[in-house]
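In what follows, a single structure is set out as structure tokens and then discussed.
Along the sequence shown, residues carry numbers from 1.
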Amino acid sequence: MANPIVSRTELLAGDVPMTVNGVVKKTALLLGISAVSGFGMFFFALMSGVSSGVLMGLAVVAMLVTMGLGLATAFKPHLAKTLAVPYALLEGVFIGVASAFAFYKAPSVPLLALSATFVTGAVMLTLYTTGIIKVTEKFRSLVISASIAIMIVYAIQWIMSLVFGSSIPHLFGGGMIAIGFSVFTTLIASFFLLIDFKNIEDGAMYGVNKEFEWVYGIGVLATLVWMYVEFLRLIGYLQE
């Protein structure tokens, strides 16, 4: 039976193949755009006097649009170059608002979360490049399955908060269970970064078309934003 990765990448191979260095450059560009957008939104939220309801609405819209753009790039890779910058800008809006809310509760949380994200990213890269952790098919399936389960929990929580104004008991209100769940989601987000590294390496190995550098760049940015938001939540719980 053919390796599904090989089969898919053969169909997507092009005359100009992608490179790991190309993905790194594009990811760095998108991270820079998100950082500028995020810092701008963070200081706007703190200084403009806009209500928390408006800010929350902006964050929700940014989150939903980035999800749509992410799906579009997954199914229409040739659009990734066009959609990458708007995606990064909107991710910045989302994390800027999330950081502002965290800052209101404890001013040290955003900086600690940012530091934890960069350190964790560096550790994951080291673990991957040294082969200490290998991304096998079993590892991939377990992490993706856990990620889907987490997203379902978040979707339920979001619906409950909008419709009923309540939360899933014990998971999102602080306390040991909430901290434990947050640690679990942070670990899964970190492990997903290893899958991103593996996808990039496989893409370069199999000669995937160069336009996929933007797709992989968006993927890494999405994972790092997820990690950062999870660290915001976890550190916020620990500061209470």
**Study point:** Verdict with supporting geometry, Y216 and M18, side chain to side chain contact (heavy atoms under 4.5 Å, CB included)
**Key:** CA-CA 10 Å; Y216 291 129; M18 62 168 279; 3.2 Å; yes
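- In this view, L127 and V123, M124, I132, I133 satisfy the side chain to side chain contact (heavy atoms under 4.5 Å, CB included) rule, not counting sequence neighbours.
- Side chains of S34 and E91: a donor-acceptor N/O pair is absent below 3.5 angstrom, by distance only.
- What you find for L83 and A72 is that their closest heavy atoms are CD1-CB, 3.8 Å.
- In this structure, I150 and F184 have side chains that are in contact, with non-hydrogen atoms separated by less than 4.5 Å.
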Exercise for review: Step by step, work out the side chain to side chain contact (heavy atoms under 4.5 Å, CB included) result for V97 and M56.
Suggested key: CA-CA 7 Å; V97 174; M56 182 61 71; 5.9 Å; no
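- Both I148 and V135 are part of a single hydrophobic cluster, where members link through side-chain heavy atoms under 4.5 Å apart.
- For CE of M67, the number of neighbouring non-hydrogen atoms (other residues, nucleotides, ligands) closer than 6.0 Å is 12 at most.
- Within the 4.5 Å cutoff, side-chain heavy atoms of F101 are placed close to those of L55.
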**Study point:** side chain to side chain contact (heavy atoms under 4.5 Å, CB included) between F94 and V60, intermediate numbers included
**Key:** CA-CA 8 Å; F94 175 72; V60 170; over 6 Å; no
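- Looking only at side-chain heavy atoms (C-beta outward), L46 and Y104 come within less than 4.5 Å of each other.
- Linking ILVMFWY residues whenever their side-chain heavy atoms come closer than 4.5 Å, directly or via other members, leaves V225 and L111 in distinct clusters.
- Using a distance-only test at 3.5 Å, with no hydrogens or angles considered, no donor-acceptor pair links the side chain of S182 to the main chain of A178.
- One distance of note links CD1 of I188 with CG of L142; it measures 8.5 Å at 0.5 Å rounding.
- A heavy-atom distance below 4.5 Å is found between the side chains of L90 and L69.
- Members clustered with L71: F75, by chain and number, using a 4.5 Å side-chain heavy-atom cutoff among hydrophobic residues.
- For the pair T73 (side chain) and A80 (backbone), a donor-acceptor distance under 3.5 Å is absent.
- For the atom pair CD1 (I195) and CD1 (I200), the distance works out to 12.0 Å, reported to the nearest 0.5 Å.
- Residues A84 and W214 share a closest heavy-atom pair of CB-CE3, 3.5 Å.
- To the nearest 0.5 Å, atom CG of residue L125 and atom OG1 of residue T129 are 5.0 Å apart.
- Smallest separation of non-hydrogen atoms from G207 and P17: CA-CB, 3.9 Å.
- Within a 6.0 Å sphere centred on CZ of F39, other residues, nucleotides and ligands contribute 12 heavy atoms or fewer.
- No side-chain heavy atom of L193 sits under 4.5 Å from any side-chain heavy atom of Y128.
- Looking at S99 and Y228, their side chains do bring a donor and an acceptor atom within 3.5 Å of each other.
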Exercise for review: Determine, step by step, whether I179 and L234 satisfy the side chain to side chain contact (heavy atoms under 4.5 Å, CB included) criterion, reporting the C-alpha distance in whole Å, the side-chain angles of both residues, the deciding distance to 0.1 Å, and the verdict.
Suggested key: CA-CA 6 Å; I179 291 173; L234 176 59; 4.1 Å; yes
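- Judged by distance alone, the side chain of T130 and the main-chain N or O of T126 form a donor-acceptor pair under 3.5 Å.
- For the atom pair NZ of K26 and OG1 of T19, the computed distance is 7.0 Å after rounding to the nearest 0.5 Å.
- By the criterion of side-chain heavy atoms lying less than 4.5 angstrom apart, applied directly or through intervening Ile, Leu, Val, Met, Phe, Trp or Tyr residues, V36 is not grouped with L30; the two fall into different hydrophobic clusters.
- Between S48 atom OG and M41 atom CE the span is 7.0 Å, to the nearest 0.5 Å.
- Other residues, nucleotides and ligands contribute only 12 or fewer heavy atoms inside 6.0 Å of the CZ atom of F118.
- Annotation for E211 and P77: closest pair OE2-CB, 4.2 Å, computed over non-hydrogen atoms.
- Using a 4.5 Å cut-off on side-chain heavy atoms (C-beta onward), F44 and V50 make contact.
- With values rounded to the nearest 0.5 angstrom, F192 atom CZ is found 8.5 Å from R140 atom CZ.
- Nearest heavy-atom pair across A189 and T223 is O-CG2, 3.5 Å.
- The heavy-atom pair separating L232 from A102 by the smallest distance is CD2-CB, 3.8 Å.
- The closest side-chain heavy-atom distance from S147 to W226 is below 4.5 Å.
- Side-chain contact between T120 and F231 is present, with at least one heavy-atom pair separated by less than 4.5 Å.
- For residues 60-88, the set of pairs meeting the salt bridge (charged side-chain N to carboxylate O under 4.0 Å, His left out) definition, not counting sequence neighbours, is empty.
- Ring geometry for F139 against F191 counts as perpendicular: the plane angle is over 60°, on a 0 to 90° scale with 30° as the lower cut.
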